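The block underneath contains the structure these notes are about, expressed in structure tokens.
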Amino acid sequence: MSADALLDRSLTEQVAALRAREVTSAALTEAALARIGRDNPRLNAGITVDRVAALSAAAAIDAKRSAGAEIGPLSGVPVGLKDMICTEGLRTTAASKILDTFIPPYDATVAARIRSAGGVIVGKLNQDEFAMGSSNENSAYGPVRNPVDETRSPGGSSGGSAAAVAARHCALTLGTDTGGSIRQPASFCGVVGVKPTYGRVSRWGVVAFASSLDQVGPLTATVEDAAIALDVLMGHDPKDSTSIVGAPESVAAALDRGVGGLKIGIPAEYFTQGCDEEVAAAVRKALSTYERLGATLVDVSLPHTPYAVATYYLIATAEASSNLARYDGVRYGRRAEAYSGLADMYGRSRAEGFGDEVKRRVMLGTYALSAGYYDAYYLKAQRVRTLISRDFARAFERCDVIAAPTSPVTAIGLGERVADPLQMYLLDVFTIPASLAGLPCMSLPCADRDGGGLPIGLQLIAPPLQEGRMISAAAAYEREVSHG
Amino acid sequence: MAEWEAVIGLEVHVQLATASKLFCGAPVGDATGPNQNVDPVTLGMPGVLPVLNREAVELAIRVGLALGCDIAEHSRFARKHYFYPDLPKGYQISQYDQPLIVGGGVWAAVDGAERFFELTRIHLEEDAGKTIHSSSASKSFVDFNRACVPLVEIVSEPCMRTAGEAVAYLKALHQIVVAVGASDGNLEKGNFRCDANVSVRERGATQLGTRTEIKNVNSFRFVGRAIDYEVHRQCNVIESGGAVVQETRLWDEAGGRTRSMRSKEHAHDYRYFPDPDLMVLEVPRRWVEEIFEALPELPRDRRQRFEREYALTPYDAEVLTQTVYRADYFESVAAATDDAKLAANWITGELLAALNKDGVELDAGSPVSPEALAEMLRLLIGGVISGKMAKQCFAAMYAQGVGPSAWVEEHGGQITDEGAIEQEVQRVLDANPGQVSAYRAGKVKLLGFFVGQVMKATRGKANPQSVNAIARRLLDA
């Protein structure tokens, strides 16, 4: 099989071919770079391609393999990283003009883990600026087109990461998920996307949007591929104080567990609130597949779901207003060329450097934290967050995982909702609650695409640290529909 | 005219003596130049995260325990937001509504009386960098060496009424944080600096007046002067019909006055909220107990013990417990000579006077080691040298580093042989018959003359008590 054809296969198959020396990492990387070069002018999935470093890393892995040395589980496959993830010596922009020239002197822990597992970082992927958006239209480097239908958005904020997998540039990309930024684009682009339990994956070196919510996760073509990636990414990191202590169990080892006897909770609230009938129907069909596989469906209630979006937009914006204060043009990044005095330097640098959505959220968050408003907004939002977590805890007394639509709609048209931020925010109505509760959750494709329809995502949500249980449920479904 | 009373509360920032910074591994301490002690965390680069320095927490707890405070089992870090070029993240990581340490207080002697000044709280926070304004170019420079250096902020209740009380409080506090090894307390380097909140009210009033905050005064003397000035200024404002404006003022040492820095209208809204990058700080009881067990004796306890155990005067005990090194020095000499009073006299007298003249503090680098001083004092106690010789010997030890036995070898010891002394006295009497007659005619004051002559003849080595007794016996015979 040619290197180019191998790009259309899963990560697992690419790893197998590399291990069997049917292809070299250099050849596979070269093929990926060629595809990126061909597609990127149209899709705009990438911001920065690191051709020289990628080929040299691939050659080094090939040399190691020739010498008989052990290569990590990624075996030399090309990997793309969302541009929120700092890469030593490689420009990291967070899709913002304010970081247009920023070259980190350090690797994010996840970037270092990808490298040491034998992944070849080919470049940095497009996204909404500072991960603020649901359509990838808030990027300073232009919107990404959905490879499934190029008139449509790939979702956001990890739009480039989802599009790069859908277009088979890379079998594995990393995204970040704060309120749905991995799951929703995975749903729009028809790929698998996982947000692990908050604290399972290190945030060190990941540009912060909302620190209490941000979590890195993989986007892949298959569930098995996601499991392999999770085993590489998850684990304690002493450089992140919110990192969970202790070694996680292997997720890949849980792949074949099946769903016999599994109780799947169905939250009524996720099938009402503006959910497209087409989406609801596809998810219900997936649920009946689960029943056929031996799972039991249980009705559960998550009564505080209607407050989740409002809660999220207080907490996430408050944290963002604080996290983005460091972009002041003093030490790195963009500084306005002309200014008079310190306040003017700050004002102009930030006015020029930040896009509209970022400014909107910084202002919302600043307001929410202001003296006299803190209790009414930020503190109250934290209390509601606790209620939402409690909803899930109660639901998980009755079921093992929760299944629901990832997004109420399929991929929206580019430009369709840019004029109405509130409509845009509602795209995350089903992904935000699990984020607020810090739970592991994922999206996997469940649409019947034979009729040429758009992808639909099935969302699975599990109790804390139960990535293995969630992945085994996803794998069982995937096996059934691909073999059935 | 009304009688005014000042109300003073102090906020003291103390730099903790850790090897690395509060939230990262960058070193703390003297740097070879600006922006040397920095790393991505210090500089607030994208994606970096703080990790709390355990040593800083331990040092803060030491301070808290030394001051009789409660150590919170759960405390929390909060972000304090403001924009300034020397604040890398646009916020300072501090503690707000859940500080590590609450309550406690400082004992300090004011005009000879012990007073207790209550504390509100002590919290951990990171320092900011330093902005340097260039006088020539329209440029400013920032040095981040100090950024993220661990501090404790020690906040007193508004419990002081005079500048003298404030200075006494600061000195006692300084002594304690240094004694427990929490800080080097270096004032010149700004490792112990003070903000003073000052207001005035009519004596007897219960409500507080409008306060001003005097920022960043870093010497005890300046704090006293700044407070005195500010109290005076506020009284004048009120007496001339005005009202004190709540504001931050800077002490201008050259001008001998405070001046307005920013008023309340320009006060920041710091938008505090719990730092989501850091977990709640859990301090197990057992850890606090371990730290407590390992605390050194505190200056006040040691002072009281010195008075009790060594029968020192309050003054000597005070002087000898000014620093841990002084007190250790004293105890070592006292133990080696078995004469605490003599040791105290020599240390507070000769030794500290000499060091003071040279403008240096007694420390391990001082010219006379406790062992050498003890050796010399043992020679004195044993009568090998006289008091006068001891002073000469000490001077040589201090100036040239001569050892006491070497000095005695060179200069000879004291003459204590009574026969030899009697011979010398007799010789002096024989050589001065006129004075002998005058003495015997009643001019007994001449005894000093004879003794002096004997001492001169023996180059000071004769035991003066023996000379005295023998001369009197021969003259009165």
Side-chain angles (χ1 to χ4, degrees), chain A residues 84-86 92-94 99 102 104-106 108-109 130 199 202-208 210-214 237-243 315 318-319 321-333 340-343 345-346 350 365-374 378-379 382, chain B residues 23-25 35 38-54 76-93 96-97 128-129 131 133 138-144 147 266-282:
Chain A
M84 291 290 265
I85 297 167
C86 286
T92 300
T93 69
L99 285 177
F102 178 64
Y106 46 88
T109 297
F130 285 105
S202 169
R203 292 186 295 116
W204 166 264
V206 180
V207 175
S211 312
S212 73
L213 295 154
D214 296 343
D237 180 6
K239 289 197 280 190
D240 175 357
S241 306
T242 61
S243 167
I315 292 169
E319 292 181 10
S321 73
S322 173
N323 285 330
L324 271 57
R326 69 188 60 199
Y327 306 109
D328 56 5
V330 172
R331 287 145 294 127
Y332 53 80
S340 55
L342 181 61
M345 184 186 95
Y346 285 146
R350 287 167 68 86
T366 302
Y367 188 80
L369 289 177
S370 297
Y373 297 97
Y374 178 85
Y378 185 78
L379 206 58
Q382 288 292 11
Chain B
F23 295 116
C24 60
N35 296 312
V38 299
D39 67 355
V41 175
T42 303
L43 295 174
M45 298 191 94
V48 302
L49 295 169
V51 177
L52 181 60
N53 181 340
R54 186 185 161 90
R76 206 190 260 278
F77 288 93
R79 295 181 179 181
K80 175 182 180 179
H81 298 86
Y82 61 94
F83 281 103
Y84 204 65
D86 60 23
L87 187 69
K89 298 183 292 296
Y91 59 82
Q92 176 194 30
I93 305 178
Y96 184 53
D97 54 354
T131 307
H133 301 288
S138 59
K139 276 184 180 172
S140 295
F141 301 90
V142 197
D143 177 2
F144 292 104
H266 297 101
H268 296 294
D269 176 357
Y270 291 121
R271 306 194 315 280
Y272 281 102
F273 81 108
D275 192 326
D277 287 333
L278 290 159
M279 310 295 273
V280 168
L281 172 56
E282 309 275 359

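Fair warning: this is a prediction, and the values are worked out from it, not measured in the lab.
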Residue A/V207 versus chain B: region with a heavy atom under 4.5 Å: both
Residues at least two apart in sequence or cross-chain that pass ring-ring contact (aromatic ring centres under 6.0 Å, His included) with B/Y84, listed by chain then number, are none
Cut-off 4.5 Å, heavy atoms of chain B, and the answer for A/L99 is side chain
Enclosure of B/Y270 OH (heavy-atom neighbours >12, cutoff 6.0 Å): yes
Check against side-chain contact (heavy atoms from CB on, under 4.5 Å), B/V41 and A/W204: CA-CA 10 Å; B/V41 175; A/W204 166 264; 3.8 Å; yes
So which part of A/N323 gets closer than 4.5 Å to some heavy atom of chain B, the side chain, the backbone, both or neither? both
Quick one: are B/R271 and A/Y374 in side-chain contact, heavy atoms under 4.5 Å? no
Would you say A/R326 and B/Y91 are linked by a side-chain donor-acceptor pair, where the criterion is simply a distance under 3.5 Å? yes
Given the rule in the ring pair (Phe, Tyr, Trp, His ring centres under 6.0 Å) test, do B/F273 and A/Y378 qualify, once you have shown the distances and angles that lead to the verdict? CA-CA 9 Å; B/F273 81 108; A/Y378 185 78; 5.4 Å; yes
For the side chain of A/T242 and the backbone of B/P276, is there at least one donor-acceptor N/O pair under 3.5 Å apart? no
Using a 4.5 angstrom heavy-atom cutoff, name the option from B/P50, B/G90, B/P274, B/P46 with the most pairs to chain A. B/P46
Can I get a per-line list of side-chain donor-acceptor pairs under 3.5 Å for residues 366-373 of chain A, giving both atom names and the distance, sequence neighbours left out?
from   : atom 1 : to     : atom 2 : distance (Å)
A/T366 : OG1    : A/V362 : O      : 2.6
A/S370 : OG     : A/T366 : O      : 2.7
A/S370 : OG     : A/Y367 : O      : 3.4

A/P105 portion near chain B, given a 4.5 angstrom heavy-atom threshold: side chain
Have A/R331 and B/N35 got a donor and an acceptor in their side chains that come within less than 3.5 Å? no
Looking at side-chain heavy atoms only, is the closest gap between A/S241 and B/L49 below 4.5 Å? no
Within the 4.5 Å heavy-atom criterion, are A/R203 and B/D277 side-chain neighbours or not? yes
Can you measure from SG (B/C24) to NZ (A/K239) and round to the nearest 0.5 angstrom? 12.0 Å
Tell me the closest heavy-atom pair linking A/Y346 and B/P85, and the distance in Å. OH-N, 3.0 Å
B/H81 and A/S322: side-chain contact (heavy atoms from CB on, under 4.5 Å), yes or no, with the steps? CA-CA 7 Å; B/H81 298 86; A/S322 173; 2.7 Å; yes
